[in-house]
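First the structure, in the form of structure tokens, and then the observations on it.
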Amino acid sequence: MDSLRLDRLGKHFGGIEAVAELSLAFAPGRISGLIGPNGAGKTTVVNMITGLIQPSAGRITLAERRVDGALPHEIARMGIARTFQNVRLLKEATVLDNIVVGFHRHEHTSLLACSLGLPPVWRERRDFRAQAHNLLTRFGLVEFAARPAGTISFGHQRLVEVMRALAMSPDFLLLDEPAAGMNDVESRNLGAIIRDLAADGVGIVLIEHNMRFVMEICEAIHVLDSGRLIASGTAETVRRDPAVIRAYLGG
Amino acid sequence: MFGQELLNGVVVGAVYALFSLGLTLVFGIHRILNLAHGAVFMWGALIGYFAVTGAGLALLPAFILAILGGALVSVALDLLVFRPLRRRQGDEFGTIIVSIGANLVLMHLAQQATNAQTLRFPFGIFPIHFYHLLGLRVSLQQIVIVAAVALLVIALVLYLFRTNLGTDARAVAIDERTSMLLGINPHAVYFGTFAIAGALAGAAGVILGIAFNSVSYLMGEPIMLQAFVVIVLGGLGSVPGALLAGVMLGVIQTLTTVYISSELSDAVVFGLLFVVLLARPRGFFAGLHTEHRVA
């Protein structure tokens, strides 16, 4: 119903076709995987959905609303959040502040209220900080709240990025290689968190290299190669698909 | 005597700091070097003057009007001058050039409005009253100036570090693109930064205009030169840096003028800048943004 749809999406950089004729639908509450060898165009797809780059062809819609053509902050406000392959936290700001920024979507105070120091300004601030604190507690990172985000371990930074995305209460969450650089325990925990989110109705789009992670948690897997969709289905069907095997093993 | 001069220097320096804060804020958050900031300051003084002489307002409402006027001019600058350039993906150098043009336009408008005259506030606009504290002669005006600057600075720090809007602004300072992906509307942040910078400049304009009892369309130029020294010395984009360096500059200038010579005061100031930069090329403090920007 309120799906995130890609319709004959295409992107070329000069003469290079990064993505071509890609049609996909991501459903709320489902965990979908987007996989493919290096350079298959996975991150390009995420960048197009979040408005960082504009598609050359096709359209993107969220619940019948046009997404392509909108600015990144407008898309974020529509309810699409993401994390990055190479974590993009505000490294000099504290872990807590990084998450507080994520609550921006729920912000109501105006500059005028701010400059007059009206009570709602402080109330909202307290409220966001309390909620950020709750998230940190839930993820077991509360002890790092006051540390600059750039000083905590990489695995933890990834989790902070996930929390920041969650602070936006997104309808769709795009995770770009969230398990990269995590050990087994950490990625298992992440898997549990992702399942919880999906159970709450958030549509998850997982971009991953770690095949075991993808196969374990995704209900539907889409395989890209050279910017084209070569297979779609459950983990079982995709794993046995000859085109997928060829793409991954070469030949 | 020395204590007295020190005090006078601190008061002037507080106004330098107030002016420079806006300049360093716009640069620190948006990496725009706004060379029309001096014109905003000058317009603040003019608005304050016209509010008193033209509209017959008392000093406090005139002061508030000047603050609002400064914010308005500054926001208009962003909307009419910088934003069109941003939309066309202009670079940092382009913003410097257009701000020079905007500065000229604002100055010529002021020249027309004032017939190129230096304006003076009516005598006794500010009650002349002196107190004796610790052997120093402190005027009511000096107390009010320092108190006003302190209040505005406290408000700025609260905004930046204790409100959600301020957190957004600091996020944009570090990484504008990622901030957008979190739903932060960059236009809103630009609006806020320019409004605050303009408000501070407008306040500084009125304060200095009354303190020296002189308002002219040229008054924005010399203070821009001082402000460059202040923001470089303090560290580009740094709030505490601008504060410290502003007060320092006021003190050094006053002491040089009194004990050496007024002609040499600029030479001493820039000489000092040179020496400090040799030792600390980035000034006293790191700015709101830092080098380690996220790719």
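Chain letters run A, B, ... following the sequence lines, proteins first and then strands; every chain starts at 1. Keep in mind that this is a model prediction, so the values were computed, not measured.
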I need the residue from A:Met78, A:Glu74, A:Arg164 with the largest number of non-hydrogen atom pairs under 4.5 Å to chain B. A:Arg164
Using non-hydrogen atoms only, which part of A:Phe103 is less than 4.5 Å away from chain B: side chain, backbone, both, or neither? neither
Check this for me: B:Phe126, atom CZ, are more than 12 non-hydrogen atoms of other residues, nucleotides or ligands nearer than 6.0 Å? yes
Side chain / backbone / both / neither for B:Ala195 at chain A, heavy atoms under 4.5 Å: side chain
I'd like to check A:Pro72 versus B:Arg177 (side-chain heavy atoms, cut-off strictly below 4.5 Å). Are they in contact? no
Sub-4.5 Å heavy-atom contacts with chain A: which residues of residues 148-168 of chain B show up? B:Leu158, B:Tyr159, B:Phe161, B:Arg162, B:Thr163, B:Asn164, B:Leu165, B:Thr167, B:Asp168
One should read off an interatomic distance between A:Arg88 CZ and B:Asp175 CG, to the nearest 0.5 angstrom, of 5.0 Å
Quick check for you: to the nearest 0.5 Å, what is the distance between B:Leu182 atom CG and A:Glu161 atom CD? 9.0 Å
Taking all atoms of both residues into account, what is the closest heavy-atom pair of B:Asn185 and A:His104, and its distance? N-NE2, 4.1 Å
Determine whether more than 12 heavy atoms belonging to other residues, nucleotides or ligands lie under 6.0 Å from atom CZ of A:Phe13. yes
Minimum heavy-atom separation for B:Leu181 and A:Arg82, please, with both atom names. CD1-CD, 4.1 Å
A:Gln54, CD: over 12 other non-hydrogen atoms inside 6.0 angstrom: yes
Between A:Ile75, A:Leu52, A:Thr50, A:Val121, which residue shows the highest count of heavy-atom pairs closer than 4.5 Å to chain B? A:Leu52
Check the surroundings of atom CZ in A:Arg138: do more than 12 heavy atoms from other residues, nucleotides or ligands lie under 6.0 Å from it? no
Considering all heavy atoms of both residues, which atom of B:Ile184 and which atom of A:His73 are nearest to each other, and what is their separation? O-CB, 3.2 Å
